[in-house]
Amino acid sequence: MTNDELEQTGDLEPNLDEQQYELMRASLEDYELDDDDLSLIDLDLDVVPAQPAPTAPVLAIVGRPNVGKSTLVNRIVGKRVAVVQDTPGVTRDRVYYDAEWNGREFTVVDTGGWEIDVKGLDLSVAHQSEIAIREADAVMLVVDATVGVTDADERIVELIRRSGKSTVLAANKVDADQQEADVAYLWALGLGEPFPVSALHGRGSGDLLDQAMRILPKVSAVRRERPGEGPRRVALVGKPNVGKSSLLNQLAGENRVVVDDTAGTTRDPVDEVISLDDELWTFVDTAGIRRRVHLQSGADYYASLRTQRALANAELALVLIDGSDDLSEQDIRIMQQVIDSGRAMVLVVNKWDLVDEERRMMLNKELDRNMVQMPWVERVNISAETGWHTNRLTYAMRGALDSWDKRISTGKLNAALGALVAANPHPVRGGKQARILFATQVDVQPPRFVLFTTGFLEHGYRRFIERHFRETFDFTGSPIEISVRERQRRQRR
């Protein structure tokens with residue numbers, strides 16, 4: 001069949017895509033590739049429907065106050081994510097962190113200290129620890145080896161036994177070999193071998209995590225896959241008093257959450273299932289993010305942690321800003337937080353009815369200047385109080401989620417990339433020029449791409465490729481991630 005005949009049947013483009021794919025795929029034969037590379041290269045999300053990734057198992061870290069749970073969490077995660085102080089009771093809520101050990105991914109849950117016969121806030125903290133045990137696949141009980149077994153330790157052991165959860169016992173604050181003999185008495189707790197560890201210095205943490213991997217299942221039996229079945233989850237995020245709760249009430253058509261002029265009225269995330277344009281959505285009203293989490297204290301700090309968790313469990317974020325107020329650094333930081341979390345995003349400029357023409361022009365300039373790296377973010381101007389233009393949100397949300405879910409076939413991807421690099425090759429640096437050998441999409445939600453190259457790709461060139469992907473395939477409203485794998489040519493024998 002001639003090209004003219006192919007054009008008439010509409011089959012020319014698929015054949016050209018296939019030809020480009022075969023050429024770029026063949027070029028890889030001259031390069032060193034491992035089994036992981038080959039599995040990614042042969043992956044085609046357009047042909048093989050993406051299945052929900054197995055949900056990582058959950059490990060709850062529990063114990064009395066001030067035994068070093070948060071310090072141990074930081075050691076397990078590999079960075080300082082949990083706040084640590086000598087004062088007991090710094091951690092109150094259940095806080096979830098992603099972790100990895102020897103190639104296995106899991107979720108670690110930092111909890112507040114469990115105490116006997118407490119009231120008020122301390123009682124709520126204790127209840128959170130009990131919930132963490134119930135909602136975990138396995139438990140790590142942390143005890144202070146320098147103090148010995150207390151009544152509270154024994155009561156926690158009773159809770160764990162009633163739950164039936166597999167448990168690893170961490171004897172913390174064992175900073176030297178001479179102290180290891182002192183942990184033998186912990187066998188009396190009946191939880192098996194106690195593992196001496198120093199969370200502060202990392203001593204013994206490897207053996208402890210090896211045991212944790214033995215008792216954790218490959219796939220969680222208690223955690224819902226994300227994104228799960230049911231309505232798409234949308235988090236309302238932004239600074240305090242930008243109108244998140246007002247928007248939720250407006251979309252619901254009734255007062256579902258408390259609205260007050262006082263900034264920070266909302267403390268805990270509030271889930272509401274709402275029908276918009278004959279489609280169900282789960283909206284999560286979150287506490288306002290005032291500033292960087294590590295600069296906060298008290299209720300603001302814990303509200304921010306809950307907001308982060310609500311964002312992690314969402315698929316799309318509506319980032320609200322106050323159109324009548326100057327665009328702040330904090331507004332931009334919140335947008336970046338959404339991008340870093342890998343969630344789809346729509347920017348909602350609220351209180352537009354309070355903005356005069358001069359302020360609108362100024363705000364447009366502020367947004368153009370501060371969002372130069374985020375031109376793909378859809379923007380909707382609304383008034384949450386009156387409902388003006390809130391009917392436009394559904395279209396923007398659907399578009400952003402469509403981009404977030406999007407799969408590009410390997411043939412189309414390499415055809416577009418091949419034409420791009422042929423017309424605009426990578427600059428020569430130091431007498432060498434990196435070449436792109438092949439590209440493949442390896443994941444969705446958000447879309448992730450891997451480029452196989454002969455050398456390092458400059459960040460400016462990577463951004464150039466991202467812009468081309470967005471123009472060609474339309475990823476409006478969704479972040480995309482591009483990673484590079486440099487591969488060496490095979491040695492001739």
Side-chain angles (χ1 to χ4, degrees), residues 234-248 250-251 261-264 266 285-293 295-296 300 304 307-308 311 314 316-393 395-397 399-400 403-404 446 459-460 463-464 466-467 470-471 474-480:
V234 181
L236 305 175
V237 298
K239 294 188 304 183
N241 214 29
V242 293
K244 298 183 294 296
S245 298
S246 296
L247 177 58
L248 181 59
Q250 182 64 238
L251 295 175
D261 289 337
T262 304
T266 302
D285 185 20
T286 66
I289 304 174
R290 297 177 183 271
R291 48 184 175 174
R292 287 186 177 93
V293 172
L295 296 178
Q296 299 175 358
D300 287 340
S304 291
T307 297
Q308 287 181 350
L311 182 59
L316 166 74
L318 295 183
V319 180
L320 274 76
I321 64 173
D322 186 342
S324 63
D325 196 7
D326 291 338
L327 188 69
S328 69
E329 179 185 351
Q330 179 66 358
D331 291 318
I332 301 301
R333 189 180 297 120
I334 292 170
M335 296 180 210
Q336 189 59 52
Q337 182 178 344
V338 174
I339 295 173
D340 292 342
S341 71
R343 300 298 172 257
M345 175 166 57
V346 174
L347 177 62
V348 180
V349 184
N350 191 26
K351 307 182 184 181
W352 197 248
D353 54 327
L354 304 179
V355 179
D356 58 28
E357 190 62 34
E358 182 179 353
R359 171 58 192 155
R360 292 180 182 183
M361 293 177 59
M362 186 178 301
L363 179 60
N364 287 333
K365 292 180 180 179
E366 290 176 4
L367 291 171
D368 290 342
R369 182 173 60 252
N370 287 281
M371 297 181 63
V372 66
Q373 300 296 334
M374 297 177 274
W376 48 269
V377 177
E378 187 82 7
R379 170 183 161 188
V380 180
N381 304 323
I382 69 162
S383 170
E385 185 175 354
T386 65
W388 181 78
H389 277 183
T390 54
N391 60 326
R392 297 185 177 183
L393 287 175
Y395 179 82
M397 292 189 299
S403 296
W404 199 60
H459 294 294
R463 289 194 295 270
F464 172 66
E466 179 183 340
R467 286 197 301 272
R470 290 189 177 281
E471 292 170 359
D474 186 14
F475 289 103
T476 301
S478 174
I480 64 175

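Computed from a prediction, not measured in an experiment: that's the story for all the values here. Counting begins at 1 with the first residue of the sequence. What you see below is based on every heavy atom in this structure, not just the backbone, and it leaves out hydrogens, waters and symmetry mates.
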According to side chain to side chain donor-acceptor pair (under 3.5 Å), who are the partners of [X], at least two apart in sequence or on a separate chain?
X: Thr390; result: none
X: Asn350; result: none
X: Gln336; result: Asp340
X: Asn370; result: none

State, to 0.1 Å, how close [X] and [Y] come at their nearest heavy-atom pair, and which atoms those are.
X: Pro375; Y: Gln373; result: CD-C, 3.2 Å
X: Ala400; Y: Val346; result: CB-CG2, 4.1 Å
X: Met345; Y: Val377; result: CE-CG2, 3.6 Å
X: Thr476; Y: Ser403; result: O-OG, 2.8 Å
X: Ile332; Y: Met374; result: CG2-CE, 4.4 Å
X: Leu354; Y: Ser324; result: CB-CB, 4.4 Å

How long is the span from the [atom1] atom in [X] to the [atom2] atom in [Y], to the nearest 0.5 Å?
X: Ile321; Y: Asn381; atom1: CD1; atom2: CG; result: 8.5 Å
X: Leu327; Y: Asn364; atom1: CG; atom2: CG; result: 11.0 Å
X: Leu316; Y: Leu311; atom1: CG; atom2: CG; result: 10.0 Å
X: Leu251; Y: Leu236; atom1: CG; atom2: CG; result: 7.5 Å

### Task
Under the ring pair (Phe, Tyr, Trp, His ring centres under 6.0 Å) rule, collect the residues that match up with Tyr395, sequence neighbours excluded.
none
### Query
Of all residues at least two apart in sequence or in a different chain, which pass the salt bridge (charged side-chain N to carboxylate O under 4.0 Å, His left out) check with Asp322?
Lys351
### Task
Using the side-chain contact (heavy atoms from CB on, under 4.5 Å) rule, pick out the option among Val380, Leu318, Leu367, Leu320 that qualifies with Leu347.
Leu367
### Summary
Glu358 meets the side-chain contact (heavy atoms from CB on, under 4.5 Å) criterion, sequence neighbours left out, with Asp356
#### Entry: For Arg470, side-chain contact (heavy atoms from CB on, under 4.5 Å) partners two or more places apart
Trp376, Glu466, Phe475, Ile480
## Note on the structure
residues 366-391 vs salt bridge (Lys or Arg N to Asp or Glu O under 4.0 Å), sequence neighbours excluded, gives Arg359-Glu366
### Student check: side-chain heavy atoms of Leu393 and Leu247 closer than 4.5 Å
yes
### Task
Check whether any side-chain heavy atom of Gln330 sits under 4.5 Å from a side-chain heavy atom of Arg333, and report yes or no.
yes
### Task
Output yes when a side-chain donor or acceptor of Arg360 lies under 3.5 Å from a complementary backbone atom of Trp352, and no otherwise.
yes
